[in-house]
Visitor: 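First the structure, which I've put down as structure tokens, then a few questions once you've had a look.
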Amino acid sequence: MKTYEITLVSKGSITQLPDSQKIFGALMYLHNEKCKQSSSDKTTKLVHKILNKEVNIWISNIFPKDYFPTPFEEVLSRIGEPTDKILYNQIKSRKYVKKELLNKLFRDPKVSNIANVYPFIQIEESSQVKMSIDSQKYNISGLDNKMFSIPQIFIYEVYKKEKRIVTEFNFYIGIDESKECEELLNIIEESIDNKDIIIRGKGSSHGYNTFQMQAIDLSNINYQDRTIFLNMGMLLPNQINYDQSTLKLFTSERRPYEMAGGWDKNFSSQFISFVKEGSIIVKKDTFEDIGQSIESPFDKKRAIVFGNSWLYPLNVIEGGNNFGKIYEI
């Protein structure tokens, strides 16, 4: 597997950081746009090959650049009943941390002076009020205007008493050596050269959640003989060692979406659970069998629910200490 780190810059306000499935959808949309002239079915064929594991692609969520998701369940389980409430709350408040703090937490989850020594990401929630002027939108006089609010988050890097707004982000993509993956890689590189806006999340019509890919770099990450991983995306597990893994689930509602009419009311809601970022995954068989994708219940001919999360391999220091095994990135 080749792993690439892709750097992005936010081009507007953010309501949520896109997860790996949203990034997969954006990349397939980009693939379809670039391949339209050669074959309209080319992207559909690629999606089916990913579903059937004839082509292997792994994608992470988007993170503030150079930060990792904090494995809360693993770290807090090592602390046990918290006696230091301040430290306990400090760890829980750090959704993303840098490598040096993550390694420190694995080695000693009761690390002191965490607040002053290590930078971290702080997320503040807010909202913006918008107005829909329906009389102009539909060219019909007398329609009432509608007020609505859009949730918004501000992402800061905090170090000591200073904080700065984060505009630079990254995600990871792992690919096999198939010709389809090489073609996708070329499309990504072309999109970077063209300065395309490719990640469009919820609220993009209002200028929210738009990201531009800035650079792509080959990452020298060793997967040889690794059995334990930090989950970096939305994982649909296939073959993992549940007894030794530390998991947290995220359940989301799934309904078909049509751009012209919004949520289609003719379909009942369905729900799916993923393994969240920050979970510790222990391999059961092969790396390729850890995750899986499944058919979309709403568009089985063309779409899939992408569950092949990108995983960061962890070193395991034999013996460990009073807190159990020691992991390191």
Side-chain angles (χ1 to χ4, degrees), residues 1-6 19-21 23-24 49-63 67-78 96-97 99 102-103 105-107 109 170-178 180-181 218-251 272-294 304-321 323-329:
M1 177 178 70
K2 292 181 181 178
T3 294
Y4 293 88
E5 179 184 354
I6 298 176
D19 59 37
S20 53
Q21 190 185 13
I23 299 170
F24 173 75
K49 286 187 175 182
I50 293 171
L51 172 66
N52 297 322
K53 291 188 177 293
E54 298 170 32
V55 169
N56 288 298
I57 296 175
W58 300 267
I59 300 175
S60 78
N61 296 349
I62 287 180
F63 306 108
Y67 279 83
F68 293 84
T70 305
F72 293 120
E73 280 63 39
E74 177 69 25
V75 173
L76 295 178
S77 69
R78 293 171 181 233
Y96 305 110
V97 298
K99 181 189 295 185
L102 183 55
N103 286 336
L105 288 171
F106 278 141
R107 187 173 291 274
N170 70 294
F171 72 91
Y172 296 89
I173 181 170
I175 59 173
D176 64 23
E177 297 183 357
S178 64
E180 289 89 352
C181 284
L218 182 64
S219 294
N220 185 23
I221 299 175
N222 180 23
Y223 280 84
Q224 187 174 1
D225 300 325
R226 302 299 177 87
T227 60
I228 302 177
F229 306 89
L230 177 65
N231 182 37
M232 301 284 279
M234 304 301 290
L235 174 69
L236 277 176
N238 181 28
Q239 294 290 332
I240 67 174
N241 188 324
Y242 288 97
D243 292 336
Q244 297 182 29
S245 300
T246 305
L247 309 177
K248 182 169 185 177
L249 297 183
F250 170 83
T251 300
I272 188 169
S273 291
F274 293 87
V275 175
K276 283 196 69 172
E277 62 181 32
S279 297
I280 301 296
I281 307 297
V282 179
K283 183 174 71 173
K284 184 177 181 181
D285 195 358
T286 66
F287 181 82
E288 289 77 12
D289 287 333
I290 291 176
Q292 64 177 321
S293 298
I294 61 174
I304 62 175
V305 178
F306 182 80
N308 279 342
S309 169
W310 186 75
L311 306 168
Y312 204 112
L314 298 176
N315 292 313
V316 180
I317 299 176
E318 293 298 329
N321 56 18
F323 301 110
K325 290 181 180 178
I326 299 175
Y327 302 140
E328 281 188 345
I329 285 185

Visitor: Is there a side chain to side chain contact (heavy atoms under 4.5 Å, CB included) between Arg107 and Ile317? Walk through the geometry before answering.
Guide: CA-CA 10 Å; Arg107 187 173 291 274; Ile317 299 176; 3.3 Å; yes
Visitor: Show the numbers, then the answer: is there a side chain to side chain contact (heavy atoms under 4.5 Å, CB included) between Leu247 and Glu73?
Guide: CA-CA 7 Å; Leu247 309 177; Glu73 280 63 39; over 6 Å; no
Visitor: Nearest 0.5 Å please: distance from the CZ atom of Phe72 over to the OG1 atom of Thr70.
Guide: 4.5 Å
Visitor: Do the side chain of Ser60 and the main chain of Gly233 share a donor and acceptor less than 3.5 angstrom apart?
Guide: no
Visitor: Say whether, by atom type as modelled, one donor and one acceptor occur between the side chain of Asn52 and the main chain of Glu54 under 3.5 angstrom.
Guide: no
Visitor: Per the side chain to side chain donor-acceptor pair (under 3.5 Å) rule, which among Ser20, Ser309, Ser279 passes with Asn231?
Guide: Ser309
Visitor: Hey, can you tell me if Tyr223 and Trp310 have their rings parallel, tilted or perpendicular (30° and 60° cut-offs)?
Guide: perpendicular
Visitor: Does atom NZ (Lys53) have a neighbourhood of more than 12 heavy atoms from anything else shown, all under 6.0 Å?
Guide: yes
Visitor: Evaluate the side-chain proximity of Asn61 to Met234: yes if any heavy-atom separation is below 4.5 Å, no if none is.
Guide: yes
Visitor: Can a donor-acceptor pair be found, under 3.5 Å and without considering hydrogens, that links the side chain of Asn103 to the backbone of Glu328?
Guide: no
Visitor: Before giving the answer on side chain to side chain contact (heavy atoms under 4.5 Å, CB included), spell out for Met232 and Trp58 the whole-Å C-alpha distance, their side-chain angles and the decisive distance to 0.1 Å.
Guide: CA-CA 10 Å; Met232 301 284 279; Trp58 300 267; over 6 Å; no
Visitor: Give a yes-or-no answer on whether the side chains of Glu288 and Asn56 include a donor-acceptor pair shorter than 3.5 Å.
Guide: no
Visitor: Taking the side chain as everything from C-beta on, heavy atoms only, tell me whether Phe287 gets closer than 4.5 Å to Leu311.
Guide: yes
Visitor: Can you check whether Phe171's main-chain N or O pairs, donor with acceptor, with Glu5's side chain at less than 3.5 Å?
Guide: no
